[in-house]
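All remarks here apply to the structure that follows.
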Amino acid sequence: MLRVEHLSKSYGRGKRRKRILHDINLSVGDGELVGIVGESGSGKSTLARLIMRLESVDEGSVSFTANGNFYASCQIVFQNASAAMNPSWTVRDILKEPLRLMKGDRDAYILMMLGRVGLEEKHLDRRPSELSGGERQRVNLLRSMLVEPKLLICDEIVSNLDRLIQKEIVELIQKMNREMGMAILFISHDLKVVQHLCDRVYVMEGGGIVEESVKRDGRFSFTHPYSLMLFE
Amino acid sequence: MDKRKILLVLISMLLLVAVAGCGKKAAPAAKENSLIYASESEFDGLNPILEETNVDALLFRGLFRFDENNEPKADIAESFDMSDDKLTYTFKLREDIRFHDGEPLTADDVIFTIESVLDDKNASFLKSDFLEVESLKKIEDYKFELKLKRPFTPILDKLTLPILPKHAFNGVEMRTADFNSHPIGAGPYEFDRWDRGNSLTLKAYEHFHGTKPSIAKVIFKFIPDSNVRALQLASGEVDIALLDPVQVGELEKRNHVKIYNIDTADYRGILFNMQNDLWQDVRVRQAFSYAIDRVQIVKGILKGFGEEAYSPLQKHAFHNEDIETYSYDIEQAGKLLDEAGWKKADDGFRYKDDRKLSFTITTPASDAVRVNMANYVAEGYKSIGADVNVAALDWSAITIEETDAFMIGWGSPYDADHHTYILFHSDESSLTGSGYNFGSYSNEKVDALLEKGRLSMDEKERQASYMAFQEELANDPAFAFIAYVNAVYGIHGNIEGVKERTLGHHGSGFLWNVEEWKWNDR
Amino acid sequence: MLEAKGLSVKINGIPVVTNSSFFIPEGKITAMIGESGSGKSMTVAALLRMLPAGALASGEIRFMGTDLLKATNEEMAVLRKKEFFTIFQDALNSFNPSVKMDRQLYAFSAGRVGDDQESFRKKMKAILGKLSLSAEILNQYPFELSGGMLQRCMIACALYVKRALLIADEPTSALDKVVQKEFLKWLRLLNESGTTVLIITHDLDVVADVADEMIVMRKGEIVETGAVADVLARPTHEYTKRLLDSRF
Amino acid sequence: MTVKWIGKRMMLGALVLFIVSFLSFFIMHASPGSSATAYYGGNAQTLTTAEKERISEAFALDRPLIVQYGAWLKQTVQGNLGVSAKEGRPVASILGERLPNTLLLFGVSMFFIIIGSIWLGMTAGMRPGSLLDRGLSAFSIASSSIPAFWLGILFIYLFAVTLGVLPSSGTGSLGGDGGFVDKIKHLIMPASVVVLTHVGLYARFLQESVKAEIGSYYVMAARANGVEEREIRRGVLRNAFIPYLNYLGVTIPSFFGGSVIVEALFAWSGLGQLLVKSVMVKDYPLLMGGIMLTGLIVVVSLFAIDVLMYTLDPKLRKGELGG
Amino acid sequence: MKSRKKLVFWCSLLGLILAMTMLSDLLATQPVNEMDLDSVYSPPGEGHLLGTDHLGRDVFSRLLQGGKVTLAVAVLSVALSFVIGVIYGGISGYVGGWTDSVMMRILEALISIPSLIFVLAFQAVMQGGMWGMTFIIGVTGWFTTARIVRSEFIRLKDADYVKMAKMFGTPVWRILTGHLLRNSLPPLFVVTIFNLAGAVFIEVSLSFLGIGIPPSIPSWGNMLYNAQNDLLIGAWWIGVFPGLLIFLTILSINFIGEALKNSGRRRFHA
């Protein structure tokens with residue numbers, strides 16, 4: 001469904017020009033749970049932005065096979081849940097934003113979906129600052145899921161959360177993947193989460209993918225030294 | 001960023017201030033033999049035939065000079081003869097007079113000066129005074145002949161004209177000559193320094209032909225704000241200042257200030273600019289003349305330092321008391337406006353053919369008395385249904401010819417011709433000529449009477465024509481006269497020798513005998 | 001070495017740490033673990049006597065015979081200088097951005113033992129070398145270095161001064177996994193050289209990796225203490241169990 | 001400090017002056033029929049036709065505005081600011097007479113403001129909770145809410161009229177050459193008014209940034225490790241100074257604007273008074289010149305502050321925040 | 001809590017001043033321009049609550065009317081500069097790139113010239129009345145507003161929620177108003193409050209110098225302009241009261257701005 005081929009990206013000008021990504025190849029199939037692991041500065045977030053067409057591609061291509069509006073079938077959830085929500089809007093307004101063009105009863109639809117991510121009606125009239133970290137990330141996830149995308153990119157969505165909440169969110173994502181058949185591209189620096197959640201994983205280092213591994217019998221096997229070091 | 005260092009600097013600064021403070025106490029010990037005059041405005045230039053300033057009397061002298069009674073007395077002229085037909089004058093000059101630069105003052109200089117006044121290129125404001133001059137002829141170095149076209153009595157008055165040194169204008173245009181900022185005259189004081197925006201310093205001229213000045217320096221300090229003038233007089237920073245009437249009471253309390261309340265021929269009035277068709281109907285002008293409560297103005301704004309005005313020659317021997325004085329009469333004013341077709345509408349204002357009875361009185365902002373008068377008058381005009389605004393602007397932002405009405409101030413203590421011909425004769429319109437008829441006032445009868453007054457040699461006849469002129473002017477007013485304003489000067493009490501005489505416009509001429517003044521404590 | 005009894009901290013009357021008692025044995029690495037808001041940082045602040053305005057601590061914290069809560073400001077200043085070494089989470093902000101590293105490292109290390117510039121340079125360069133840091137950094141400004149390098153500089157200073165107790169408040173959470181591992185290695189090295197370590201963290205992996213003893217905090221209370229191996233194998237408190245469960 | 005950096009700053013300064021001149025020129029000359037009187041000024045009546053023509057030609061008055069601006073710019077770059085419409089003298093020489101006075105007032109009051117605010121701000125910021133700390137912000141707001149001219153009037157009536165210890169206005173006494181002491185005496189009141197209405201503002205800014213620094217992470221880290229308090233303060237001040245300098249730079253224009261009013265009030269014959277006067281008399285060439293000179297002074301002050309910041313802030317020096 | 005009480009106090013003081021000036025027609029004891037040359041310079045007391053001026057006009061009535069003029073000029077000009085500032089800063093910040101660079105260089109130049117100077121340049125040409133002054137202060141007072149709007153827009157347009165909004169296809173005007181402008185309001189409000197104090201300052205200062213609002217319209221600045229003379233002759237009440245009111249007005253505006261600034265800072269950085 002998603003296919004990235006020979007993707008490269010550089011920033012800056014002249015002497016300061018720095019290559020952030022080079023020759024990235026990856027793919028995500030329908031309903032797949034794919035992980036990308038890398039340390040800070042490995043280019044994971046840039047990759048996410050390029051896939052989401054938030055920035056232009058220097059070289060290579062990103063193709064996405066789905067009809068209609070790209071953003072109706074591919075969505076992203078950002079790491080910082082507070083920053084992803086307009087602080088002066090209520091949760092209701094925030095959730096309605098993607099449904100601007102939807103016909104029918106939007107409120108009823110939101111109410112129905114609310115339960116699926118473990119939120120309640122009382123949350124609707126609160127502002128982001130009045131929610132807990134976990135609740136915020138749920139609202140965030142829900143907003144992206146409201147358009148029922150085929151692919152959801154999660155960019156470090158659990159990194160800022162406490163362990164127990166991380167667990168809940170990860171389970172929620174698993175559930176969504178199962179119930180809605182939504183493909184997930186899960187980007188994280190936390191190997192253990194990725195190991196636990198994903199079926200296939202790419203390891204990134206310094207702007208390139210060094211290894212791809214498929215989970216067999218509940219575990220991955222790596223050969224590249226960097227992956228080995230990461231996964232010990 | 002060391003705190004101690006900062007503290008050190010701070011302390012040293014404090015010391016500096018303290019030193020300055022101590023210095024203050026030491027300063028008054030050395031009293032200079034100089035006189036500081038608070039001048040109301042700075043001059044554009046000092047050429048007396050291009051601009052009238054109150055420095056002229058100090059820097060320059062003319063063939064004649066007004067005395068205590070405002071009569072012309074021979075000064076540079078030693079003597080003169082008049083032909084029987086009263087057309088030819090022969091002047092003999094004093095031979096001992098030198099300009100400040102040491103050059104002798106000769107007949108050439110006198111002739112040059114009068115010719116310069118008459119030269120259109122120079123656009124001298126004095127030109128009208130010499131229109132009757134037919135020719136000038138040098139006879140000897142110190143003797144010349146002046147021929148008139150017609151007999152012209154005030155010529156001796158006019159010959160108080162300051163004499164310019166011819167040699168200072170060799171090959172230069174008078175309008176742009178360096179002379180205008182570095183004048184050379186033959187008066188008791190010579191030019192010393194002009195600190196633009198600040199002050200003008202004159203120093204005593206040691207070879208002066210008259211009374212040798214006792215005060216070494218006269219400094220004109222430019223202080224446009226009357227409040228600041230009064231303040232500096234109070235604090236002793238200046239020695240003489242013309243005061244606003246309201247300030248007098250407070251300054252009288254200061255021991256070192258002596259108040260001179262001097263009668264003037266200086267009146268204020270509203271100039272109707274005839275360019276504005278509002279004034280074409282004489283009834284409108286009369287109405288606005290009636291609707292001024294002069295008694296209140298003299299009492300409230302002038303604090304009694306003045307009197308109600310109705311004629312430009314009220315302080316003159318030819319004064320006509322039997323003319324319309326326009327004493328405050330709103331009913332009469334209303335009636336006149338009704339007659340002129342200005343009808344009162346529901347909003348309380350008058351209208352004629354959808355035009356509102358409305359105009360603006362422009363007044364120089366720096367003159368508090370004029371501003372107050374304008375404001376008071378404008379407010380009072382509401383009662384006759386006129387919507388009158390006041391624009392108080394800086395002098396140099398004012399073009400009188402472009403205003404609807406202007407708060408004018410004029411007056412002359414000298415010959416009746418002075419400041420009447422140049423103001424009211426239609427040939428003197430400032431639009432077409434170089435005169436002071438800013439409102440383009442035009443009345444054939446007035447023109448004729450003014451000409452007769454100036455040319456007649458018979459005193460009786462002159463009086464008659466000026467009396468008639470006053471009557472005609474009252475019936476067809478060019479100005480709505482408001483009040484004569486006394487010149488109230490505050491002077492340092494230690495100055496002696498001040499001689500009062502009826503002063504001109506804005507108290508000008510107060511310094512007329514400054515060479516006779518002296519400090520009794522220095 | 002350090003023992004807290006009935007320690008409570010209130011901020012403007014609201015309790016953030018309630019009646020906690022714990023013990024930090026000498027020569028070992030003790031980890032204090034808890035989620036955000038569990039009161040672990042406030043506990044550290046209390047024992048350093050660096051509580052924010054409006055906070056009040058009661059109870060007792062004994063360090064080598066002195067009650068830290070009752071010590072005078074001067075005594076406390078001396079203790080902080082002579083007995084403790086403290087590392088904070090945010091290495092990038094732990095240094096003054098506009099002062100060169102040599103000056104700051106001097107203040108953190110040699111300045112506390114009274115060494116002069118010369119011996120400081122010599123000794124510091126040696127330690128930096130051991131931590132695989134170039135001596136170049138001494139002439140650089142903090143913003144020119146990475147978080148990992150700065151955190152290592154802190155370790156270098158700790159190695160330099162060799163204080164009795166090292167307090168590290170979330171020292172690894174801003175670091176990448178690989179750098180974090182390195183850091184823990186140096187921490188162990190420091191411990192082996194005789195310094196008792198108190199490490200505050202929310203990361204069970206860190207605890208498992210480096211600590212000997214652990215203290216679990218939750219909502220201002222201590223719910224479980226014990227040797228790391230014991231607790232990980234047989235957690236007694238419900239919360240600890242859930243915490244262990246949440247590992248992936 | 002690199003040549004490139006200086007060059008860049010200077011280019012920026014020149015750009016500022018260009019924009020200022022462009023805008024002022026168009027504001028002044030865009031109004032209908034004003035361009036001619038702009039040059040004749042109050043002399044319009046007394047000028048002869050020939051002179052008017054000469055002026056029209058010299059300033060290209062009959063050409064489009066942009067050409068006039070071009071003519072003006074060309075002359076200005078060559079150092080010729082034209083001739084005052086009112087006084088008929090070169091604008092440059094009039095400005096030259098006024099400049100020293102303005103610089104004196106500006107310099108002296110700025111000096112005291114800086115010294116005073118550093119001292120107040122540091123002391124207050126370093127002693128949280130002290131009387132000074134608590135009082136400074138109230139003083140700062142109160143003092144900056146007093147219109148300077150109002151304070152000036154009160155001063156004049158107190159010190160000049162009632163007590164008679166200081167001259168009420170002007171730049172120096174007349175008649176006697178009071179020299180330096182006399183100048184200082186005349187300077188005290190205007191400078192005090194400027195200083196008093198500004199010092200609180202700057203002191204408070206420094207106080208707040210010192211406080212912010214003291215509460216910052218690195219101070220906590222240093223204190224927890226028993227770093228000498230003096231060493232900490234030194235670092236704190238250095239850092240607190242950078243925003244303070246920045247603030248100084250940001251506010252210099254309005255500070256300068258404020259001194260225009262003080263100059264006018266105290267008849268301090270500087271640029272400010274000249275500007276006000278040239279507005280009143282519509283002396284556009286003089287006004288243009290005055291504006292340009294004011295702009296130049298501000299640009300130069302900002303440049304000086306930039307240089308200071310550059311030396312103080314290593315981040316700037318290392319190009320982290322370049323631009 | 002304490003700061004909240006302060007805020008309430010200053011707000012009510014400002015409210016009181018505003019209410020009094022707005023109701024000047026009701027509260028004035030005499031027609032503002034009524035001149036009574038029989039009682040010039042009457043000290044405060046019976047008949048004239050705050051005395052009369054040099055033309056026998058009632059100071060109290062003029063003070064209220066003058067306040068109306070001064071505050072109207074200030075409020076309207078600030079509203080004008082708010083609009084200009086938001087549009088200029090908004091375009092510069094949202095469009096970015098070359099447009100932004102050019103617009104910012106211009107703004108930098110404008111900011112580094114005392115706005116009083118521009119006011120003077122305008123004033124020389126316009127010699128404006130009350131509306132003229134409003135216009136002049138308005139068009140020369142938007143620089144800081146524009147800068148704040150721009151920096152807020154730049155900060156906010158990269159916010160994740162704006163990226164999300166773009167992805168959801170939210171129309172641009174809605175992004176501009178609902179996301180960017182809406183969230184720029186708190187700092188914008190603070191800067192506008194301070195601008196208001198600045199506008200009062202400029203009106204008062206210019207009128208005091210005699211180049212502001214024409215003297216026939218009573219404004220606080222004009223009253224002070226005249227009061228210079230009156231203080232010397234002992235009529236302190238003519239100058240003291242307008243001065244005091246100006247001071248209190250600016251003081252309360254500044255305190256309100258300060259309180260909002262602090263509360264904003266607390267909220268954003270909590």
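All values reported here derive from a predicted model rather than from experimental measurement. By convention in this document, chain letters (A, B, ...) are assigned in the order of the sequence lines, proteins followed by strands, and residues within each chain are numbered from 1.
Other residues, nucleotides and ligands contribute more than 12 heavy atoms inside 6.0 Å of the CD atom of C:Gln117.
For the set D:Arg223, D:Glu213, D:Glu229, the count of heavy-atom pairs under 4.5 angstrom toward chain C peaks at D:Arg223. In terms of heavy-atom pairs under 4.5 angstrom with chain D, the leader among C:Leu79, C:Val161, C:Ile167, C:Asp90 is C:Asp90. Of the listed residues (C:Met76, C:Lys82, C:Arg103), the greatest number of heavy-atom pairs within a distance under 4.5 Å of chain D belongs to C:Arg103.
Annotation for C:Asn96 and D:Val236: closest pair ND2-N, 4.1 Å, computed over non-hydrogen atoms. Contact detail for C:Ser98 and D:Arg238: the closest heavy-atom pair is O-NE, 3.2 Å. For the residue pair C:Ser94 and D:Ala221, the shortest heavy atom distance occurs at O-CB, 3.8 Å. Taking both residues in full, the closest heavy atoms of D:Ala224 and C:Leu48 are given as CB-CD1, 4.3 Å, listed atom of the first, atom of the second, then distance.
The shortest side-chain heavy-atom distance between C:Pro97 and D:Tyr218 falls under the 4.5 Å cut-off.
Here D:Asn225 contributes atom CG and C:Gln104 contributes atom CD; the two are 12.0 Å apart, rounded to the nearest 0.5 Å.
Contacts between C:Gln89 and chain D at a heavy-atom distance below 4.5 Å involve backbone atoms as well as side-chain atoms. With a 4.5 angstrom heavy-atom cutoff, C:Phe85 touches chain D via backbone and side-chain atoms both.
One finds no salt bridge joining D:Glu228 and C:Arg112 here, because no Lys/Arg side-chain nitrogen approaches an Asp/Glu carboxylate oxygen to under 4.0 Å.
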